[in-house]
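Only one structure is covered here, and it is reproduced in the block below.
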Amino acid sequence: MAKHHYQRIWQTVKQIPAGKVASYGQIADLAGLPGRARLVGKALGYAPAELAVPWYRVLRSDRSLAFPQGSATAEEQRQHLLAEGVLIKQNRVNKKDIWQPELAELLFNLQY
DNA sequence: GAATTGACAACCA
DNA sequence: TTGGTTGCCAATT
């Protein structure tokens, strides 16, 4: 199974700096899994708490939260982001807050 | 193995 | 910009 990929996904998500956000598709690409944005969502759902994966820094490609507005999870995500200086307006984050990784940064963080 | 189900995304009207 | 459609692909049923 592609369970292996979960580790890579988690590791990639952990590279998102505080105060920045990335999309599911973006994470999938960086994790070497192009076209598997939905798998990223599942991986985050299975992510063990002890890994401290910043799942709340991952949103949809249109910069909206992946949870229904008002849901407990969406609320929690909004709080986390707000605490890092990322505010949500009309269920969207500002374009400026999207993570734009440098190639050098990615290479430096490769841990294999 | 077929059908269904997603924490999605690219397109198009 | 919003909403509907289609494509995706692994996990579940």
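Numbers restart at 1 for each chain; the letters A, B, ... are given by sequence-line order, proteins then strands.
Applying the side chain to side chain contact (heavy atoms under 4.5 Å, CB included) criterion to Gln69(A), with sequence neighbours excluded, gives Asn91(A). Arg78(A) is linked by a salt bridge (Lys or Arg N to Asp or Glu O under 4.0 Å) to Glu75(A), counting only residues two or more places apart in sequence or in another chain. By the salt bridge (Lys or Arg N to Asp or Glu O under 4.0 Å) test, Arg36(A) is found to be paired with no residue, residues two or more places apart in sequence or in another chain being considered. Phe67(A) pairs by the ring pair (Phe, Tyr, Trp, His ring centres under 6.0 Å) definition with nothing, not counting sequence neighbours.
Pairs engaging residues 16-26 of chain A under the salt bridge (Lys or Arg N to Asp or Glu O under 4.0 Å) rule: none recorded [sequence neighbours left out]. Within the structure, salt bridge (Lys or Arg N to Asp or Glu O under 4.0 Å) pairs that include any residue of residues 82-94 of chain A comprise Arg57(A)-Glu84(A), Asp62(A)-Arg92(A) (at least two apart or interchain). Listed by first and then second residue, the ring-ring contact (aromatic ring centres under 6.0 Å, His included) pairs involving residues 11-36 of chain A amount to none (not counting sequence neighbours).
For the atom pair OH of Tyr6(A) and NZ of Lys42(A), the computed distance is 7.0 Å after rounding to the nearest 0.5 Å. Rounding to the nearest 0.5 angstrom, the gap separating the CZ atom in Arg63(A) from the CG atom in Asn94(A) is 7.0 Å. Atoms CG and CG, on Asp97(A) and Leu81(A) in that order, are 9.0 Å from each other to the nearest 0.5 Å.
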Would Val21(A) and Val58(A) satisfy side chain to side chain contact (heavy atoms under 4.5 Å, CB included), going step by step from the backbone distance to the final call?
-> CA-CA 6 Å; Val21(A) 300; Val58(A) 184; over 6 Å; no
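A 4.0 Å heavy-atom criterion places the boundary nucleotides of DNA chain B facing chain A at dG6(B) to dA10(B), written 5' to 3'.
Note on Tyr56(A): nothing from the nucleic acid sits closer than 4.0 angstrom, heavy atoms only.
Within residues 57-88 of chain A, no residue has a heavy atom under 4.0 Å from DNA chain C.
Looking at DNA chain C, the stems built from 3 or more consecutive Watson-Crick or G-U wobble pairs, each pair with its key distances under 3.5 Å, are B:2-6 with C:9-13, B:8-13 with C:2-7.
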Could you write out each protein N or O paired with an N or O of nucleotides 2-8 of chain C at a distance under 3.5 Å?
| from | atom 1 | to | atom 2 | distance (Å) |
| --- | --- | --- | --- | --- |
| dT2(C) | OP2 | Arg92(A) | NH2 | 3.4 |

Distance-only donor-acceptor pairs under 3.5 Å for side chains of residues 25-35 of chain A, two or more places apart:
| from | atom 1 | to | atom 2 | distance (Å) |
| --- | --- | --- | --- | --- |
| Gln26(A) | OE1 | Ser23(A) | N | 3.3 |
| Gln26(A) | NE2 | Trp99(A) | O | 2.9 |

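Residue order along DNA chain C, read from the 5' end via each residue's closest nucleotide, puts Arg36(A) first among Tyr46(A) and Arg36(A).
The aromatic rings of His80(A) and Trp55(A) lie perpendicular to each other, with more than 60° between the two planes, well past the 30° mark.
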